[in-house]
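Heads up, the thing below is written out as structure tokens.
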Amino acid sequence: MKQFILGTAGHIDHGKTSLIKAISGYDTDRLKEEKLRGITIELGFAALDLPGGIHLGIVDVPGHEKFVKNMVAGASGIDLVTMIIAADEGIMPQTREHLEICTLLGIRHGLIVLTKIDMVDEEWRELVTEDIREFVTGTFLEDAPLVPVSSITGEGVPELIQAIADLCAGLAERKPSGLFRLPADRVFTMKGFGTVITGTLVSGRITTGETIMIYPSMITSKVRGLQVHDRIVEEAAAGMRTAINFQGIEKAVVNRGDVVARPDTLKTSFMLDVELQLLKSFGKKIKNRTRVRFHTGTSEVPCHILLLDRETLDPGETAMVQLRLDTPVTCVRNDRFVIRSYSPSRTLGGGRIIDPVPEKHKRFRQETISHLEAIRSDDPEAIIVAHTEIAGFNELSLADLVIMTDLAENRLDSTLQSLLSRQILIQTDREVKRYIHRKTFEDFAAEIVDRLKLYHAANPIKEGMPKGELASKFPPNLSIKLFNLMLSMMVKTGDIIQTDNTLRLPGHSVTLASDQSDVKEKIIRIFNKNGLQPPTFKDLTATLGVDPKTVRNVLMMLVAGGEMVKVNEDLFFHADTMARLKRQLVDYLKENGEISTPQFKEMTGTSRKYTIPLIEFFDTGNVTIRIGDIRRLRKQE
Ligand SMILES: Nc1nc2c(ncn2[C@@H]2O[C@H](COP(=O)(O)OP(=O)(O)O)[C@@H](O)[C@H]2O)c(=O)[nH]1
Ligand SMILES: [Mg+2]
């Protein structure tokens, strides 16, 4: 069954409440004070089954100028409006203001009802009708049906019901959405039931037993019962006037203006980026930081207007502005809002929300203005790309993107898939579905390479940079999880090499790790002291009590640096010792022409274990040449 919500609008005493009673039988003036004074203060609710099988929820709003804020709360979320104008008085101030509010709230459908026709003659009625037609020219009611009615005599009432049914038959149902939202317009306690919150279910659906969250207080609770137009139901959907009964919530913790949704699907913010239209009828320009009242859904919050790209906003103009709110609100892109001034208290303008969770902007920044232009567009890709670009290391979750784009689930999904397949976005978490822009990753990779280059230059004897030290160079909003993920991507592409918790560039050859410099000192001392009778590799390893791999690495590094000389895999000598021995040998040969192995053994004063490898070392090093049992100098120097 199709469901729509109709709202009333119009000046006080023009017969709105009487008309609702005439068409539905409901008396929406429930409060004692309302009955006493004969005026509507609070929102009133009624229901009507239309011919053709459409169910209509009705919101009756107050016309009094003092209660416009209640009118705005009632009018947001309605599908169509009945603009009520009394035949005897014609167009009055709140007729104008309510039409402006409905326009700003994005209402596109409605009827004009000329009430109290029993009080005027034919000629007057025609004059007023002409007036009204002129009044609505250029507005969404320009081609709306105008139905003359008397709630007292009942004249025109059946025709009005038929006209509403005809209009509803042509309306499209609300677009399907997975995002359940209900801005609270009334909160009360019922004996034996606990707290009840009522409101127009603006999108998605909810069933009994589900867990919900109340924003902005973030209190969670369970749906104990649901009612739609006084009927108990298991499930309520978009476009229904809904009452939700909660378990264990105190009435005091919920207020009109709060939003009911599923846990962690919405976000609260003290700031909003919006497209603000200043009404022509407001008549004067506004300056930066003008203090106003912000109305969206059923909430009203004082705020400042930050003009981002101009000094003043003229009547009739539209601009992107940032609203700075006194208390947080919970919005979704494309939500409509109305702005009212303080004194005099009147509607100044309104528009739609472009970013429900923006960064704090500074004025006159080209970067900000370009970003806002991008997210204002209707192109889903452009919106997502711009948001992820500015978010940097702050990964955007699917839930974030739902409220930032207002896209239907399948549309959002296919757009994300397309961006991922072209690698414009990178998915950083499969389960929660989190995304960053590729540019963030590329900038990160470039910075890692730069940091490692600097580190290698400053620490040539270190194998690489400790991961923790590298992480500390990045802003705290880069989560460890994302940091690790991006490092592993770089390891995969071969841009960096990771061993244990150390990172290095592929071009960096390992010199000495920090824990090895201690080993290095000890080795030099040992070999210096033992001269021509140094320990073998095996003995050295045992003496040092360090693993052979490290000892060999350090030795090889010392050999490469010229501090040690490698005679064979097992035998190393200090470079100074070798230099001395070589000079001695060369001097001896210059003087004696040749040397035998025993003579060499005597010169060195060591055992055969050292003598043979040493003399052979001088052979291979082209210092000596072996002829039979003796050696000569290879080159006469
Ligand atoms: N004669 C006449 N009086 C009406 C008609 N509709 C409403 N009224 C009277 O106008 C006054 C205001 O009506 P109400 O419905 O409370 O107006 P609202 O402020 O727009 O809700 C009441 O005294 C009604 O009895 C009508 O069609 N004909
Ligand atoms: Mg009323």
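Every number for a ligand or one of its atoms is a count from 1 in the order of the listing.
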Problem set entry | Set of residues that line ligand 1, where lining means a heavy atom lies under 4.0 Å from it | H11, I12, D13, H14, G15, K16, T17, S18, G38, T40, K116, D118, M119, S150, S151, I152

Exercise. In terms of ring plane angle, is the pair H371 and H387 parallel, tilted or perpendicular, where the classes change at 30° and 60°?
Worked result: perpendicular

Problem set entry | T17 N/O/S atom closer than 2.8 Å to the Mg ion (ligand 2) | yes

Are side-chain heavy atoms of [X] and [Y] found at a separation under 4.5 Å?
X    : Y    : result
F282 : R346 : yes
I206 : I212 : yes
L407 : P380 : yes

Exercise. In Å and rounded to the nearest 0.5 Å, what is the OG to CZ distance from S177 to R205?
Worked result: 10.5 Å

Exercise. Among L182, I244, D185, L43, whose side chain to side chain contact (heavy atoms under 4.5 Å, CB included) with T198 holds?
Worked result: D185

